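What follows is a single structure, written as structure tokens, with notes after it.
Letters go in sequence order (proteins before strands), and every chain restarts at 1. The model shown is predicted, which means the values in this text are computed figures rather than measured ones.
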Amino acid sequence: MMARGDWYFSNCTNPKRRGFTSGLTTQGIYLIVILRSQLRSWNETIGSLATQDSYDALEGREIQVTKIIVKDPLSIGGRATGCIRDIITAWEADIRYTENYIYDRQLEPGMVYKVEEGRLQLGSKEDPAQTITDFREGDEEYKKLVSRWLGLLEAPLPTFRRLALDIEVHSPIDTRVPDPSLAEYKVICASLCGSDGIRRVLVLQRPEMGEASVQLEDTAVEFFETEEDLIASIFKALFDYPLVLTFNGDDFDLRYLYNRALNRGFTRDQIPIELGRESAGLKYGIHLDLYRFFFNRSIQVYAFGNKYREVTLDAISEALLEVGKAEILTPISRLSYTELARYCLQDAQLVLDLTMFDGEVVMKLVSALSRISFLPIEDMARQGVSGWIRSMMFKEHRERGYLIPRSEEVKKAKGDTTTTAVIRGKKYKGGIVVDPVPGVHFNVAVLDFASLYPSIMKAWNLGYETLQCDHVECKTNRVPDTDHWVCRLKKAMESQLIGSLRDIRIKWYKPRSKDRSLENDILSWYQVVQNALKVVLNASYGVFGADRFSLYCPPLAESIAAIGRYDITKTIEKAKGLEIEVFYGDTDSLFLGTPSRDRLDALIAWSKKELGMELEVDKNYRYVALSNRKKNYLGVHEDSRVDIKGLTGKKRHIPEFLKAVFVQLVDILGQVKTPGDFDEARAKIKDLVRESYSKLKKREYSKEDLAFNMMIGKSVGGYTKTTPQHVKAAQQLRNKGEDVRAGDLVSFVKVRGGSGVKPVQLANIQEIDVDKYTEYIRSTFEQVLDALGLDYEELTGARKLEAFFPGSC
DNA sequence: ATCTATGGCAAGCCGA
DNA sequence: TCGGCTTGCCAT
């Protein structure tokens, strides 16, 4: 038996904290070991999940483990001496396990099991890795991983019976949000919306509010004479559902309810909530705080394509459901019963609907990510992508019996980076951006390396262990452009892990996510999984360069990027050798002329053979307009769809009116089929610009249309070096008593005089600085026209002599 | 107990 | 006035 502290706390750097928690995943290890220390051997089969009755009820059903709570049996203070409570959301059924039982080593969050012949079996019996040709290559470890992923991700999904909760609290001061740690004020309303169709509004009777009567369609409105009864009623519901949804319940709703209940004389036993430092959990069910989930940048950007910008219930539901919060003009505390009930109900309904829309994609996404990351839903939803990858990798370490190194150990063994970043202050050199060939190019094929960085990890056997290994014979296996080398003798765990994920995405989920012959529900599951894998794969390289990541290894990240540069550089050389024109490229993509399909095929074949990389045609453009700016282009597909990348006209912070004009510009350019068509386009663009100018001068745009919307990244006081315009606007708002915090969107217009800006709320349409705005129109258009080889001045009416006498200066 | 990485552009601030 | 620097947003 291993001595305590030898390995299982190795990620915990603070010796005083050894024996307690040091992170979610290590917590898992920690708890297992504690339990083991009370048992005899590691592999002993330990107890059973539940009673025989429970097994009978589950016979033949798939169940997914979504949450495992382990209570520390050694901790002092009278916590449960039982070891583990677990909650399983059963397939279709709503079966709960709150009995204590002893930990079964095989039971992991995310895993899917099937009860067969009275026993718990790992789900999915077929082994895809053995039967599907795409996965037949590769060693046993790789096949095992592929089987495991497919087993997990192909397992059917439970329908979570769930309840959305929202509460409203009285506040004596209109603008102040009640402090949940004090919970001084009354809970005056609560709404409960269930996936089972339940719609309830619980209202506290207040003598000053008049008659207690509210009529809402399809909704049960219940009045309570005392707050205690109301709270007890909420608690009853929280004890009933296996999954409870909130929006910011971690910080507000559940925290408030907990403390309020204590204040009102409830005992802890009566409260179904358990508070953590930064989270709130439920004794019985899973608490999914959608605010935390949607706050996650990866979710925001990759899963929802940046559709919502602010992480507020209003903005998210507006973007995803096209329904916003109920509007109220009066502060909560003074709303009539009906208004209050309606407002509160709408919030709960939106929260529920966020998990219902589009075939419940959010629940699907949550499940897929939980399965991939091996984290319970609750933990997954509260962590960033680095936490998911850490969990996934730690699980793999445990599976293989590997020691999990301390961060300093990795650093000491693997050393530092050896390249210099292009951007000052960065740790190492990243991807290459090819200088664009300015102009309009017809018939352009865009090729890219499928999942470049994960593919490199796979092809080059990269992992923190195999980089800079100790073998003499490996030192010649150099990473181009660096001083690093890679092991030839031992397989890298990360390479296999990320490689297998990459392969199932590219060879299994991606093709199926586009297969129209599949049933809608299945199709959307494939799309979700495909997307979830993309999120994880994209981050899998970056985490090694993030100093807070527990397996931080900058030379590894550097090597991956260096090989990326090598691959694309060699590919460009080869393309030129094949007499294919190269117009542009960025990190993993190349914009190529299409002389003939064979030559592209030759390039693709070459890449596979020489680099071991899968190069593929991503899309074909009818034409591409390039300026001399990198990361800026306009590409028109064969079917007239237009891709716009990096151009100011598309950026979120620019005023609505300009975006609208830009959309029209894009529309005109989408109509261009041949070089000759540009003449017509030019005339239309001219009209467009003129019209916009005149509307601007006549002040026909509203000030909201003219507003810039910029996120304020720090608190207003945090700007010490400069005071950018949006901060100036925020200062003015603050002077008016408005609360502006980091992460808020500041809307401001440019005005004449003063500091040059005003928050849109405080501005008057007459004080707009028209010149500043015309200048903005000019620069926005110029970026596009530049690329098209059109001159803005010339097009919009000569303001300069040179336009009349070209070449005279 | 969180925050995947680097490269690039536009605009504005601010000191030389 | 110029140029370096900060900031936010985007591409990959």
Side-chain angles (χ1 to χ4, degrees), chain A residues 11-12 14 17 21-27 276-279 292 295-298 301-302 306 309 379 382-390 419-436 448-449 451-453 535-552 554 556-558 560-561 564-565 568 584-589 627-633 643-654 708-714 718-728 745-746 750 755-757 772 775-776 779-780 782-783:
Chain A
N11 188 50
C12 176
N14 177 353
R17 292 187 61 192
T21 61
S22 66
L24 287 159
T25 311
T26 44
Q27 188 179 54
R277 272 177 55 133
E278 300 262 321
S279 64
R292 300 284 283 262
F295 191 83
N296 187 316
R297 281 286 302 164
S298 303
V301 177
Y302 291 105
N306 247 327
R309 180 134 205 83
D379 296 341
R382 287 177 177 79
Q383 289 186 58
V385 65
S386 66
W388 307 341
I389 292 172
R390 181 186 61 194
T419 57
T420 316
V422 172
I423 301 174
R424 222 191 58 226
K426 300 287 185 191
K427 292 179 284 254
Y428 57 88
K429 190 182 287 212
I432 284 182
V433 189
V434 181
D435 267 324
D448 62 13
F449 292 105
S451 291
L452 176 71
Y453 289 162
V535 173
V536 172
L537 286 169
N538 272 335
S540 64
Y541 134 81
V543 290
F544 288 109
D547 54 10
R548 290 157 194 91
F549 184 61
S550 25
L551 299 171
Y552 175 52
L556 178 55
E558 175 183 43
I560 297 168
R565 293 194 300 276
I568 198 164
Y584 177 60
D586 185 347
T587 312
D588 62 355
S589 67
S627 65
N628 50 15
R629 297 171 188 84
K630 295 171 173 182
K631 299 187 188 277
N632 267 259
Y633 63 84
D643 280 351
I644 292 173
K645 302 288 179 172
L647 300 176
T648 304
K650 212 186 88 173
K651 295 195 176 175
R652 308 276 177 148
H653 69 276
I654 71 152
F708 288 81
N709 300 291
M710 228 176 237
M711 179 93 77
I712 181 158
K714 299 184 270 195
Y719 291 83
T720 49
K721 286 165 178 145
T722 57
T723 314
Q725 295 194 320
H726 62 296
V727 179
K728 285 179 177 159
L745 212 56
V746 181
K750 308 214 176 199
S755 61
V757 293
K772 278 268 161 43
E775 189 57 23
Y776 248 91
S779 71
T780 305
E782 221 167 40
Q783 280 183 19

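To the nearest 0.5 angstrom, A:R292 atom CZ is 6.0 Å from A:R382 atom CZ.
Closest to the side chain of A:K750, from the set C:dC9, B:dC14, B:dA11, is B:dA11. Taking only side-chain atoms of A:K721, from C-beta outward, the nucleotide of B:dA5, C:dT6, B:dG7 with the closest atom is C:dT6. Considering only side-chain atoms of A:K427, the nucleotide from B:dT4, B:dT6, C:dT7 that sits closest is B:dT6. Of all nucleotides listed (B:dT4, B:dC9, B:dA11), B:dT4 comes nearest to the side chain of A:A546. Picking from C:dC9, C:dT7, B:dG7 the nucleotide with the shortest atom distance to the side chain of A:K714 gives C:dT7. Nearest to the side-chain atoms of A:T722 among the listed nucleotides B:dA11, B:dC13, C:dC9 stands B:dC13. Of all nucleotides listed (B:dG7, C:dT7, B:dT6), B:dG7 comes nearest to the side chain of A:K631. Comparing B:dG12, C:dC10, B:dG8 by their closest approach to the side chain of A:Y776 singles out B:dG12.
One can place CG of A:L647 at 12 Å from P of B:dA11, the figure rounded to the nearest angstrom. Here the P atom of nucleotide C:dT6 and the CD1 atom of A:I423 are 13 Å apart, to the nearest Å. Following rounding to the nearest Å, A:K645 (NZ) and C:dC9 (P) show an atom-to-atom distance of 18 Å. What separates NZ of A:K426 from P of B:dG8 is a distance of 12 Å, to the nearest Å. Look at CD1 on A:I644: it is 16 Å from C1' on B:dC9, rounded to the nearest Å. Straight-line distance from the CD1 atom of A:I568 to the P atom of C:dA11: 17 Å, rounded to whole Å. Between A:K651 atom NZ and C:dG8 atom C1' the separation is 8 Å, expressed in whole Å. The distance between atom CG of A:N709 and atom P of C:dC9, rounded to the nearest whole Å, is 10 Å.
Look at A:Y719 and you won't find any side-chain N or O under 4.0 angstrom from OP1 or OP2 of B:dC14. Taking side-chain N and O atoms only, A:S386 has a distance below 4.0 Å to OP1 or OP2 of B:dT4. For A:K650, a side-chain nitrogen or oxygen approaches OP1 or OP2 of C:dA11 to under 4.0 Å. Side-chain nitrogen and oxygen atoms of A:H726 include none within less than 4.0 Å of the OP1 or OP2 phosphate oxygen of C:dT7. Look at A:T648 and you won't find any side-chain N or O under 4.0 angstrom from OP1 or OP2 of C:dC9. Between A:R382 and the phosphate of B:dT2, there is no side-chain N or O to OP1/OP2 separation shorter than 4.0 Å. Listed pair A:Y633 / C:dT12 meets the phosphate criterion, a side-chain N or O lying under 4.0 Å from OP1 or OP2. Within the structure, every side-chain polar atom (N or O) of A:T419 is placed at least 4.0 Å from both OP1 and OP2 of B:dT6. The phosphate of B:dT2 has neither OP1 nor OP2 within less than 4.0 Å of any side-chain N or O from A:R390.
Residues A:W388 and A:N296 meet the side-chain proximity criterion, which asks for heavy atoms closer than 4.5 Å.
Within 4.0 Å (heavy atoms only), A:D448 reaches no atom of the nucleic acid at all. Across all strands, A:S540 comes closer than 4.0 Å to no nucleic acid atom at all (heavy-atom distances). A:R424 comes within contact range of the sugar-phosphate backbone alone, with a heavy-atom separation under 4.0 Å but no base atom that close. At the heavy-atom level, A:A557 lies nowhere under 4.0 Å from the strands shown. Among the atoms of the strands shown, only primed sugar atoms or phosphate atoms (P, OP1, OP2) are found under 4.0 Å from some heavy atom of A:K728. Nucleic acid contact for A:G430: sugar-phosphate only, since backbone atoms but no base atoms lie under 4.0 Å from a heavy atom of the residue.
Nearest-nucleotide positions on DNA chain C place A:H653 closer to the 5' end than the other of A:H653 and A:T587. Each of A:Q725 and A:Y428 has a nearest nucleotide on DNA chain B; the 5'-most of these lies closest to A:Y428. Position along DNA chain B of the nearest nucleotide to A:Q783 versus A:S755 favours A:Q783 as the more 5'-ward residue.
Between the side chain of A:R565 and the backbone N or O of A:G430 there is at least one donor-acceptor pair closer than 3.5 Å. A donor-acceptor contact shorter than 3.5 Å is absent between the side chain of A:S589 and the backbone of A:G585. Listed for the A:K645 side chain is no donor-acceptor partner under 3.5 Å among the backbone atoms of A:K631.
Between A:K630 and A:D586 there is no salt bridge, since no side-chain N of the basic residue sits under 4.0 Å from a carboxylate O of the acidic one.
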Requested in this report: Under the ring pair (Phe, Tyr, Trp, His ring centres under 6.0 Å) rule, what do A:Y552 and A:F544 come out as? Steps first, then yes or no, please.
Outcome: CA-CA 5 Å; A:Y552 175 52; A:F544 288 109; 9.4 Å; no
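Ring geometry for A:Y541 against A:Y453 counts as tilted: the plane angle lies between 30° and 60°, on a 0 to 90° scale.
A:R548 contributes a side-chain N or O that forms a donor-acceptor pair with the base of B:dC3 under 3.5 Å.
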